[in-house]
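Input: a single structure, listed below in C-alpha cells.
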Protein chains: 2
Amino acid sequence: MEPAGLERPILAVDVVVFSVSRGRLRVLLHRRGQDPFSGAPALPGVAVQVDETLEDAARRALAVKAGWPPDAPEDLYVEQLATFDGLYRDPRGRTVSVAYLGLSPARSAPVRKLFWELADGLGRGSLPFDHDRILETALARLRGKLRYTNIAGQFLPEAFRIDELQKVYEAVLHRSLNRTNFRNKLLKLGLIEQVRALSEAVGKKGGRPPHLYAFAREEVEAADRDFL
Amino acid sequence: MEPAGLERPILAVDVVVFSVSRGRLRVLLHRRGQDPFSGAPALPGVAVQVDETLEDAARRALAVKAGWPPDAPEDLYVEQLATFDGLYRDPRGRTVSVAYLGLSPARSAPVRKLFWELADGLGRGSLPFDHDRILETALARLRGKLRYTNIAGQFLPEAFRIDELQKVYEAVLHRSLNRTNFRNKLLKLGLIEQVRALSEAVGKKGGRPPHLYAFAREEVEAADRDFL
DNA sequence: GCAAAAGTGTTGTGACTACACCCATGG
DNA sequence: CCATGGGTGTAGTCACAACACTTTTGC
C-alpha cells in the first residue's frame, strides 16, 4: 500500500543543554560546519542511526557536533522535550527532529566555552531552522519543572548552599526571589534537606557560615498537588 | 544484523483518543488486521509519509485504522504527547513512534463503538508493542492538564451544565469531588463562565433548573502559578 | 408539602508574603 | 563592634475543604 523505497522522513535529534554560571542562564551552541547556515550558531543535532536509541543519539550529537568531552556525556542529565515537525527544511529532505533537554553543572573551562549567554535576543529569530522554537520550548519546560521537581539539582554539585540554589532559580526564572521564603518553601516541600554545617568557608569576607543542603534522593515529582 | 538499504529508523505515529461517556473514561482501540499481534486490540498508528505532517498522520491513522468518520477527524482535538523508542520491535525494522493525545466529545453510536472502557486491566500488559506505556503516559498527561487548563471542554459540547463537567473530572481522575467546592474553584479560577439559564429541562424528574456554562474562550493555561 | 437538584454562605485550617529580628563569623 | 550574610519568628491575607443553608423546580 505504501510506496516502497526512501519515501520516508529523516529522523534527527537536537539537544538543548542549559547551564548556570555567574548568575546567568546559558545554552550550549556550536557553529555549523556545513551548509545550510554554515558558520551560524545552532543547537547540536545528528541524524538518528538504526542501532542507537534517541537518547544515545542526543549524547552523540554533543560529542560529535559540539566538542563535548567524550567521557562526560554519560552522566549528563537529559530528558526528552518534544518532537518538531514542519518548519524544518533541509537539502537531504523532510526531517523530523526529536528535541532533548539537558542540564549541566558548571564545569571545566573548555566546556564552559561552549555555552552562550541566554540574552534577550537569543531565541528570537537568531537561530537557524526551527531552533528558536525548540529553545523557547526547552526554556518553558525548564521553568515549569523548577516549580515542582528537584531538577535544579542538576545544575549544582551534590551538596550546595541555599544561596547558590536561589541564584540558579533566579537565573532561570529571570527574576529575584525573597530569600527567607525561598528557603522555607523548599524545606517545607521536602525538596531539599540539610546535610551538615559548612566547615570550609571558602574565601568569604564575613557573615555566618552557611549549612550545606542536598536534594532529596528520589526523583521527587513533588506530590501531585491535589485537585479538590 | 539489519538488512542493508534502509539504514534509518522508521517513523510512525500512534494515537490515544479518550472520551467520557456514561461516567466512564474510555479509549479508542482497534483490532489489528495484520501481524504481528493480528486480532489484538491496539492503538491506531501508521507510518509517517514524506508529504504529511505528524498531526496529519495521526488523524489519518484514525480514519485508516480505526474507521473514524473521514470528515470528523478535522475538528478533533489532538496534541503531541511524546516520542517512544527502544521497546518497539517490528518486522519492518527499528521504529520510532510519535504518540498523540486526542480528546473526543461523546458522539454518534457508530463512533461510540470504537471506544473501550478504561478498566483496571487495560494498560497493564494487555496491549501490544509499548502501547501500555503510551496509554499510561497519555492518561498522566490528561490528568495533569485537567488541573490547570480548560482541556476538559474537549469532552463536552459548547455549553454544558456544571454537573456534567464534574462527571468528566471524576471519570478522568477516578475519584469523587465535592460538588460545592468544584463549582467555586472553577468559577474563581475563571476557567468557566455562565452562559445563560437553562430553558429546556430535558427529562428531569425534579430539582431547580441548572445554568449553562462554557469554558472561557482563550486557551487558558491558567496563569502560571507564581513561584514565590 | 416534599423530594431533588442547584446555588450560596460560613468557618476553620493551612499556605504564602512581607517583614522584623536574632545568630555567627571576618576584619 | 560593626558589616555581612545565614537563620528564625510572626501577622495579615488568601485559598480551600467541609458542611449547613437557601432557592427553585416536578410531582
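Lettering of chains follows the sequences in order, A, B, ..., and the numbering in each one begins at 1. Just so it is clear, the values below take in all heavy atoms, side chains as well, and ignore hydrogens, waters and symmetry mates.
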Atom [atom1] of [X] to atom [atom2] of [N]: distance rounded to whole Å?
X	N	atom1	atom2	value
A/Phe182	C/dA18	CZ	C1'	17 Å
B/Arg147	D/dA15	CZ	C1'	16 Å
A/Asp163	C/dA24	CG	P	19 Å
A/Leu189	C/dA15	CG	P	10 Å
B/Arg161	C/dG7	CZ	C1'	15 Å
A/Ile192	D/dG6	CD1	P	13 Å

Going by side chain to side chain donor-acceptor pair (under 3.5 Å), name the residues that satisfy it together with [X], two or more places apart in sequence or in a different chain.
X	value
B/Asp163	B/Arg161
A/Ser104	A/Arg107
B/Tyr169	none

Can you give me the N/O atom pairs linking the protein to nucleotides 18-22 of chain D at distances under 3.5 Å, or say none if there are none?
{"unit_1": "D/dA18", "atom_1": "N7", "unit_2": "B/Asn181", "atom_2": "OD1", "d": "3.4"}
{"unit_1": "D/dA18", "atom_1": "N7", "unit_2": "B/Asn181", "atom_2": "ND2", "d": "2.9"}
{"unit_1": "D/dC19", "atom_1": "N4", "unit_2": "B/Thr180", "atom_2": "OG1", "d": "3.4"}

Between D/dT25, C/dA6, C/dT25, which nucleotide gets closest to the side-chain atoms of B/Pro209?
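Of D/dT25, C/dA6, C/dT25, D/dT25 is nearest to the side chain of B/Pro209.
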Between A/Phe160 and A/Phe215, what is the ring plane arrangement, given parallel below 30°, perpendicular above 60°, and tilted in between?
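The arrangement is tilted - the two ring planes meet at 30° to 60°.
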If only side-chain N and O atoms of [X] are considered, is one of them under 4.0 Å from the OP1 or OP2 phosphate oxygen of [N]?
X	N	result
B/Lys188	D/dC16	yes
A/His211	D/dG7	yes
A/Arg183	D/dT8	yes
A/Lys185	C/dA15	no

Using five base pairs at each end, measure the axis-to-axis angle across the helix from C/dG1-D/dC27 to C/dG27-D/dC1 and round it to 10 degrees.
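Roughly 10° between the end axes, to the nearest 10°.
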Separation between CZ of A/Arg141 and CG of A/Leu101, rounded to the nearest 0.5 Å:
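One finds 7.0 Å between CZ of A/Arg141 and CG of A/Leu101.
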Just by distance, do the side chain of B/His30 and the backbone of B/Ala42 share a donor-acceptor pair under 3.5 Å?
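Yes: the side chain of B/His30 pairs with the backbone of B/Ala42.
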Can any side-chain N or O of A/Arg31 pair as donor or acceptor with the backbone N or O of A/Gly39 at less than 3.5 Å?
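Yes: the side chain of A/Arg31 pairs with the backbone of A/Gly39.
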What heavy-atom pair brings A/Lys145 and A/Tyr77 nearest, and what distance separates the two atoms?
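Shortest heavy-atom separation between A/Lys145 and A/Tyr77 comes out as NZ-OH, 4.2 Å.
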Please list, chain by chain and in numerical order, all residues satisfying side chain to side chain contact (heavy atoms under 4.5 Å, CB included) with A/Ser176, sequence neighbours excluded.
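Per chain and number, A/Ser176 pairs via side chain to side chain contact (heavy atoms under 4.5 Å, CB included) with A/Glu170.
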